[in-house]
Every structure is written in C-alpha cells, then in structure tokens.
2 protein chains.
Amino acid sequence: MTLEDVARLANVSTITVSRALNHPDKVAKSTLERVTRAIEQTGYVPNMLAGGLASRRSRLIAALVPAMTNAVYAETIHYFSEALKTSGYQVMLGECGYTEESEHEIVTTVLSRRPDGILLTGVKHTLECRRQLMAARIPVVETWDLTTTPLDVAVGFSHERLGESVIDHFVDKGFTKFASLCASDRRARLREAVMKARLTRRGIAGLTFAAVPAPTDLRRGREGMRQLIEQGVNGAIVICSSDTLAHGAMIEAQAQGLSIPKDFAVFGFGDQSFAAETFPALSTVRIDRPEMGRRAAEALLRRIDGELLDDPVVDVGFEIIERETA
Amino acid sequence: MTLEDVARLANVSTITVSRALNHPDKVAKSTLERVTRAIEQTGYVPNMLAGGLASRRSRLIAALVPAMTNAVYAETIHYFSEALKTSGYQVMLGECGYTEESEHEIVTTVLSRRPDGILLTGVKHTLECRRQLMAARIPVVETWDLTTTPLDVAVGFSHERLGESVIDHFVDKGFTKFASLCASDRRARLREAVMKARLTRRGIAGLTFAAVPAPTDLRRGREGMRQLIEQGVNGAIVICSSDTLAHGAMIEAQAQGLSIPKDFAVFGFGDQSFAAETFPALSTVRIDRPEMGRRAAEALLRRIDGELLDDPVVDVGFEIIERETA
DNA sequence: TTGAAAGCGATACCAA
DNA sequence: TTGGTATCGCTTTCAA
C-alpha cells in the first residue's frame, strides 16, 4: 500500500494525501474526509524511508548509552523518549559500551539512518567521531557530564564538583579515613582523581583503592569490597563509583560479619532505590535522571528548530543524600 | 556526501561504489581499492533511507518490550541485538507498555520505518494489530510466552507449565500454606490462575492474594507484602510474580522483624542476581534470557531468509532454583 | 567486471 | 485548494 493507492481510492493526487497526513489544515474538509476514509480502508501505513529521503527529515533521534541494562541510563532515556514522542520523534537506541572506540563504531552505523539529532553519553569522543558528527550537521546533545567545549549542547553535571563536594561533605562530618571502590569507567575515574586531590588539599593522607572493570554489578561490588577489607577499612567511609557497587560492597560486608554503619560507612553514586531500600545506611548522591532526560530532549528539539541556545551547557546538578553514616 | 561524490572521485559509476560496499567480491580488486580510498577521503556515510527504499530492505529489526527499565527485558534484548548485529542488522527498540492497546499504537509507528522483522513480547495482541503485522509481510517473533497459534514464530516458555511446576514443587516439599503476590501483568496473572487451579487439584485450599500494579519495583513488593502479612502468612510460601517484588517483600519482612526462611519462605520469578545475592534464602525460577534473545534472533534471521521453520514454536524452558526454603 | 536507465515512495516547489 | 514534475540517494535489472 502506497500513497498512490490511497490517492486513487480517494480520487485525489498523491500530494494531496501527503498533505492530508502532514498538514491537514491545508486541505479542504471534504477532501480530508475522503482521504481519511481511503486510508482506513486501505490500512495504509506511511513509508518513512521514502518520506525521510524526500524531506531530509527522518523524524528519528538516536540515543547512545554505554549499556541499556544499566538502570540509570535506561531511566534517562525513558524520559528522553517520552518527551520526544510528544513532538513526533522516534528514538533509536544504541549501546556504545565503555570506550570511545566502540562509541565511534556505533555512531557511524547510526548516522547512516540519517537521524535528525543524536544524544551521546559523556563528552569524550574520538577525534574522528567528532568530525563525523560535525559533518552530519545535526544537533548533538552530550549528557551525564559537562564541558566548556560541547559539540553542540551538553546537559549533565560536573563530576569535578561532585567529587569535591563528596569529600568536603565527609571531611566536614569528621571522617579521616577514606576508601574508593571504582569501576573502569571514564567519569568514575575522573571523580576518583578529583576526590584524591581534594583529600590531599584537606590534609588527609589515607585513601585506600580498589578497582574493578565496568560494567558494574553486585559481584564486582563484593569483589572490590573484599580487596578493601583485606587492606583494612575499619572506620572508613567507602566511596563507590556506582550504587550497584555500593550495594555489592554492603552484601560482602554483611557476609563477612561486618556492620554498617558501625564498622564503616558506605557511599554510592546513583541513588537507585533498591540499594537504599535494602541498606538504609547507604548514603548517596542523587542525579535527577528524569530531569536530565527531559532537558536533553528539550535542548535537542530547540536545536532542531534551528534555535541558537544562549547557554549550550545545562547543569542539572546533584544532591547528596545523607543517611546514617555513623 | 553521496555515492555520486565518491564515484566521481574514484572515476567509476555510482553502481560500482554501491557494489564495492555491498558485494566487494563482485568488484575488481584495483577498482575496490580506488573506491575504498575515495570513501575514506570523502568521509562518506551511506544513506540507509535511500538504500532501504531502493532495495526494500531496511536492515532494521524492531523489538518491542513492555519497559526497558525492566532488567529481564533489557537483558533479553541485549543478546538479541548482539546476535543480529553480526548479520548486519540494527535493532530499533520500542516500549510497548503493559496493554495491548499501547502495543498496537507503537507497532504502527514502528512499521512506518519498514523493519525487516519484528520482535514482540507476549502472544496477545489486538485483532487490528495482528492484521497490521500480517499485512506488513515481515517475520514476527513473539517472545516470553508460547502459543499454538503464533503470528509467525514464538520463542518462550509455558506459563501454564511453569505455574503448575512451581506448585507441585512446593507441595511436594510439604508446604500447605501458599500466598501470591502478583502484579497486574497478563502473563503473571495467567500463572497465578494456573497455580490456583493446581493447588485445588492437589487438595490445598489456602491461598492468600495480594495484587499490585505493573511495572513492579521494590516499593510495590513491600506494599504487597504488607497486605499479605496483615492477612497472616506465617509458615507460608509467598510466590511473587517478579523477583523485584520478591526482593521488596523480603525487605518489608525484614523491616517488620520477620525472618526468612524461618517465619515463611519466598519465591520469585526471574532470578535476577541482585535479589538472590542479597537474600540467599530466595528461591526462584530462572529463565535463560541470553538463550531466549539469541534463539529469537536466530529464528528471525532464518525467516528473513525465507526459510520455513519445521517448528515455529521454540520452548526455552525454565529452571526452578531451590535455595533455603525451610 | 562495469555501466545506463528505471524505479523505490514519498515531499518540495511552482503553477493553475 | 489542488496537482504536475522534479528530485531525494540508492539498488535492481539488463546490457555491454
């Protein structure tokens, strides 16, 4: 079934059917009715490959996240998609993994679908990838981080400021012993480096490290926690780069007969409800994921409309959630 | 940048460039080299809207799941996508919600992209939706359930058999008191009905119910568990329709000072590691999600190649995982 | 092994 | 308000 079939049935030209579909107000009411009926009768479903090719607007938005099994990204994308659906866009999701190279690979694939815009996770990309995105001449929104030099717009929060705030928070509370359980994720690593520097600055020397590969899961958390316990973490605050890791860390502690927050405290990035509900002693930093998704969508839509944003960098901030740490 | 730009630079016709890209073996080696160089120089990215339109093959597969924030679906789709990527297909993900109507809505949208195949979750669809899918003349794979009348192929497991097996398992173990914590999800409801019937058949009368809305999360689990505790579940086995619910139920029990498995036992569908790791007393039924994703991809690919499967219904089965229940 | 010409199914632009 | 015609960028078919 094509436009032509519908047109024939409604006794109009194909372009009129096209108008009835896309600009119903530009078609006479009686014609519109005939066309609508013809569409119903034929069960016509538009071909957006053809439409996109002709109009140079695919009404497709690509969204790349490291892993969709990671709930924080899934949730962000959910709200992002919802917001775009309202404006008639469909979101094409892609998994870009945890390296710039795998991201570049999928960016190329995705660009071949000629999306009208693209969402990326993070602000670091290979040079060639940046080039390709520029060449595509479509709006790009980078999320989950900030930068002074966005490809186009960025919607996220400052991992530097976050790292500092967390350290200040716990130093101010009187903690003198710190441990870091960190995944091999760029942004997590950045926070860790910042935290380390901040600790030194605040005159605290002791920082115990444990590193695990991304993506994180409970097993990794337990594994990392074992490393830390071996190094001795009594009385410390264990700062985990995701709350899945934090959750795993607490399970391991529990398994080893240690008590939280009596023996030590745990902090995790992400604030997903399950960890906090299970272990009410877990302190976290909360990122407003619905807000980030919606703001990203909004920014992208405005850019698609050719608008120039007065501030291409949107900071959605973060909030430190203090639960029982002592 | 189009094929023509590349062709001009390589001093060949557009069709030769197209061949170099899609059937490199049908092009002279020297020509192939020139074309490859030209592609690199121009930074050409194919336009699959045009390609799909001309070839009537979009190399796009649609996959619809109730919610991508639900880890069991996210995981299935992950393996499904991986398997298809190998064959040069891209997966376009969509959230179809928990009703047939919302599914139909998104099926229409998705079909306008002319996917070469589509994955659905579940086997119940509106009549009009079935019609549309038939009219699209593309392979369809229904997952997470079985049916004697698949639209095309089905890859899943029997919720009837599952419900019966679970009841038999625990009755055989000596349980006489049962409780059901069930979400408003079609397949969960089906299992609950089957379990109820089976209990009667096995001569057991007592079954306490708690119902919560889908999608499930820890809060729902706690909420449902509160309902059950009010009705008295001491000594019972609480069967939850998802392990997120089971997880929540156990948290609520813990919060109320009840002990598992001393005061009662908990069982959940899904077997996601986090629940089991946190509460090692949780018995579950495990669905092999990677296997289901891969088998679905395989079936779809064979159907796309026009193959007629001798058995259009693939049962991936399930496995009851017994942990401490008494 | 390569190319010319005719679509694929829609929309843009300009006329009527 | 409606329609004719020329694309959009690629692949198919057939011929050389």
Side-chain angles (χ1 to χ4, degrees), chain A residues 1-36 38-39 42-60 88 90 109 111-116 135-138, chain B residues 1-36 38-39 42-60 88 90 109 111-116 135-138:
Chain A
M1 283 298 154
T2 71
L3 264 197
E4 203 165 334
D5 298 310
V6 178
R8 201 164 16 231
L9 193 65
N11 246 303
V12 291
S13 70
T14 59
I15 183 67
T16 300
V17 180
S18 171
R19 281 204 198 92
L21 246 24
N22 302 313
H23 314 279
D25 50 309
K26 289 185 187 295
V27 167
K29 213 167 146 212
S30 61
T31 317
L32 186 57
E33 265 171 32
R34 283 212 321 284
V35 172
T36 311
I39 288 177
T42 51
Y44 169 73
V45 176
N47 184 331
M48 299 193 75
L49 297 179
L53 179 61
S55 66
R56 301 163 157 289
R57 302 188 58 202
S58 61
R59 299 213 148 271
L60 202 65
Q90 241 175 110
T109 321
L111 285 181
S112 71
R113 304 284 173 185
R114 295 297 186 267
D116 292 338
R137 311 194 146 283
I138 53 171
Chain B
M1 282 298 154
T2 70
L3 266 196
E4 203 166 335
D5 298 309
V6 178
R8 201 162 17 229
L9 194 66
N11 247 305
V12 292
S13 69
T14 60
I15 181 62
T16 300
V17 181
S18 171
R19 280 205 198 94
L21 246 23
N22 302 313
H23 314 279
D25 49 309
K26 288 186 187 297
V27 167
K29 211 166 150 211
S30 64
T31 318
L32 187 56
E33 265 172 32
R34 282 211 323 286
V35 172
T36 309
I39 287 177
T42 52
Y44 169 73
V45 176
N47 183 333
M48 298 193 76
L49 297 179
L53 180 60
S55 66
R56 300 158 157 291
R57 302 188 60 202
S58 61
R59 298 212 150 270
L60 202 65
Q90 236 176 112
T109 321
L111 286 181
S112 70
R113 303 284 172 186
R114 296 296 186 268
D116 291 339
R137 311 194 145 281
I138 53 171

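Note on naming: letters A, B, ... go to the chains in the order of the sequence lines (proteins, then strands), and numbering restarts at 1 for each one.
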I need the residues from residues 24-36 of chain B with at least one non-hydrogen atom less than 4.0 Å from DNA chain D; give them sorted by number, or say none. none
First and last nucleotide of DNA chain D touching chain A, 5' to 3', heavy-atom cut-off 4.0 Å? dT1(D) to dG9(D)
Under 3.5 Å, which donor-acceptor pairs link side chains of residues 44-56 of chain B to any protein atom two or more places apart or in another chain?
unit_1	atom_1	unit_2	atom_2	d
Asn47(B)	OD1	Leu49(B)	N	2.8
Asn47(B)	OD1	Ala50(B)	N	3.2
Ser55(B)	OG	Gly51(B)	O	2.8
Ser55(B)	OG	Arg57(B)	N	3.2
Ser55(B)	OG	Arg57(B)	O	3.4

What are the two closest heavy atoms between Ala136(B) and Leu111(B), and how far apart are they? CB-CD2, 3.9 Å
Exercise answer: donor-acceptor pairs, residues 27-36 of chain A side-chain atoms, under 3.5 Å, sequence neighbours excluded:
unit_1	atom_1	unit_2	atom_2	d
Arg34(A)	NE	Ala10(A)	O	3.0
Arg34(A)	NH2	Ala10(A)	O	3.1
Thr36(A)	OG1	Leu32(A)	O	2.5

Can you name the residues that form a salt bridge (charged side-chain N to carboxylate O under 4.0 Å, His left out) with Arg8(A), not counting sequence neighbours? Asp5(A)
According to side-chain contact (heavy atoms from CB on, under 4.5 Å), who are the partners of Leu9(A), at least two apart in sequence or on a separate chain? Ala38(A), Gln41(A), Thr42(A)
Show every salt bridge (charged side-chain N to carboxylate O under 4.0 Å, His left out) that has at least one partner inside residues 44-54 of chain A, sequence neighbours left out. none
Each nucleotide in nucleotides 11-16 of chain C should get exactly one letter: B, S or -. Can you fill that in based on protein heavy atoms under 4.0 Å? BBB---
Calculate, to the nearest 0.5 Å, the distance between atoms CZ and CG belonging to Arg113(B) and Leu60(B) respectively. 8.5 Å
Using a cut-off of less than 4.0 Å, is there contact between a side-chain N or O of Thr16(B) and OP1 or OP2 of dT2(C)? no
Interatomic distance where CG belongs to Asn11(B) and P belongs to dG3(C) [whole Å]: 9 Å
Answer yes or no: does a side-chain N or O of Arg56(B) lie under 4.0 Å from OP1 or OP2 of dG9(C)? yes
The reported gap from CZ in Arg19(B) to OG in Ser13(B) (rounded to nearest 0.5 angstrom) is 7.0 Å
Donor-acceptor under 3.5 Å (Thr14(A) side chain, Leu3(A) main chain): no
Euclidean distance, atom CG of residue Asn47(B) to atom P of dG9(C) [Å, nearest integer]: 16 Å
